[in-house]
Amino acid sequence: MPPAAPSPVPPAAPAARPPRIVSTDPVDWTPHVTDGRVWAMALLGDTVVVGGEFTATTDALRQATSRRRNLMAFRLSDGQLTPLAVDLDGPVYALAEAPDGSLLLGGDFTLVNGRQRRSLARVDPATGRLHRSFYAPVDGDVRTLAVHGSDLYAGGFYRSVHGLPRAGLARLDAMSGQLDEGFEPGLAQGVGNRPRAEAMSLSPDGSRLVVIGNFTRVQGRERHQLAEFDVTGPRAVVTGWSTAFYGADRCDSRFDSYVRGIDHSPDGAYFVVVTTGHDSGPGLPCTTAARFETAGAGEHTPTWINHTGGHPLRRRRDRIGRLRRRSPALAGQPLRAQDDGARRGGAPRHRGARPGDRPCAGLEPDPQPG
């Protein structure tokens, strides 16, 4: 008997329109990161928090230098640096606001203000004081965070949280760091390495979590580099939504994964995935931005695909579109921030070739935008 045809996907719903088109002229009062890279941004009230791998910042006029290692913050209204200073011994890859307004950090560090905190921590965004009540040791790095209510989703390249097996994705209590032991996503069969979550996006209502990474199976079901979970209950449930568009062997074979970023539309009707992949051409998913409708089960194909012609796309961790929508100060103005550059360059060795990432000898770096 031939397989049943996939359920038809309803036409796209009209997306919410921003109140004002963003200008191409950057504001001129934001501070500068003078070395290294910016990999994450978050908006907490009138404060923009910036994470990455750097040691210093300057004011907009480059006249005053302030020592800030891997984390800094400035006022959205006027660009002035805040007193936030946290002593971190490694880079910050992800930021999120906790339910009480404190700041959650994900990255590849082991010490925060001199105390043991492996890759996850919670700090006071005004003073940088470590919240010692939050403790969630991870045996690898954390690359992506999402919060809904009291739930914290943490994705990255690791094997365990609190000593319990979790292959790159876990749900924890956002205030204490306690692991939700019933939530087991089941990422499996990573290409070239153990499975990891490279990035993820929660639907605006918090009911669906879409994860991208180097996995090819999830909870025993075929899911190439992208999987959607129903997270409304106590367990992670893979939904019937699927796509074969991101086959693991469709781009340069030296990439163990070429998906790089994902974000939902404000109304949750669709999400967009961006990729690298070195190769480029009609029908290929490499170096593209592709839109997928969220409605319906079964196999989905992109509603549209934007091919860059070989230039990589990366999701900035600042979720800058949502930041603008929340802030009248940014309406009509782009926020200037350094791209992640070589963080996710042409090699699948991410962020300075950390242990465990698949090596790739001889692969040229991704072309940089002009």
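For the side chain to side chain contact (heavy atoms under 4.5 Å, CB included) criterion with Phe229, the lone passing option out of Leu169, Thr239, Val237, Val210 is Leu169. Partner His300 forms a ring-ring contact (aromatic ring centres under 6.0 Å, His included) with one of Phe271, Trp241, Phe245 and no other, that one being Trp241.
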Could you walk me through whether Tyr258 and Gln225 pass the side-chain contact (heavy atoms from CB on, under 4.5 Å) check? CA-CA 9 Å; Tyr258 51 86; Gln225 300 196 89; 3.1 Å; yes
Before you tell me yes or no, could you show the steps for Val274 and Thr288 under side-chain contact (heavy atoms from CB on, under 4.5 Å), namely the whole-Å CA-CA distance, both residues' side-chain angles and the distance that decides it to 0.1 Å? CA-CA 6 Å; Val274 297; Thr288 62; over 6 Å; no
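Ion pairing between a basic and an acidic side chain is recognised when a charged N comes within 4.0 Å of a carboxylate O; Asp180 and Arg235 show no such pairing.
Hydrophobic clustering (side-chain heavy atoms under 4.5 Å, transitive across Ile, Leu, Val, Met, Phe, Trp, Tyr) keeps Leu284 apart from Val259. The hydrophobic cluster containing Leu172 also contains Val147, counting ILVMFWY residues as joined when their side-chain heavy atoms lie under 4.5 angstrom apart, directly or transitively.
Between the side chains of Ser23 and Asp25, no donor-acceptor pair is found at a separation under 3.5 Å. Defined by atom type and a distance below 3.5 Å, a donor-acceptor pair is present between the side-chain atoms of His264 and Ser201.
Scanning for ring pair (Phe, Tyr, Trp, His ring centres under 6.0 Å) contacts around Tyr246 gives Phe292, with sequence neighbours left out. With sequence neighbours left out, Asp89 forms a side chain to side chain donor-acceptor pair (under 3.5 Å) with Thr110.
Within the structure, the ring pair (Phe, Tyr, Trp, His ring centres under 6.0 Å) test picks out the following pairs touching residues 168-194 (sequence neighbours left out): Tyr153-Phe183.
With rounding to the nearest 0.5 Å, the separation of OG in Ser176 from OH in Tyr135 is 13.0 Å.
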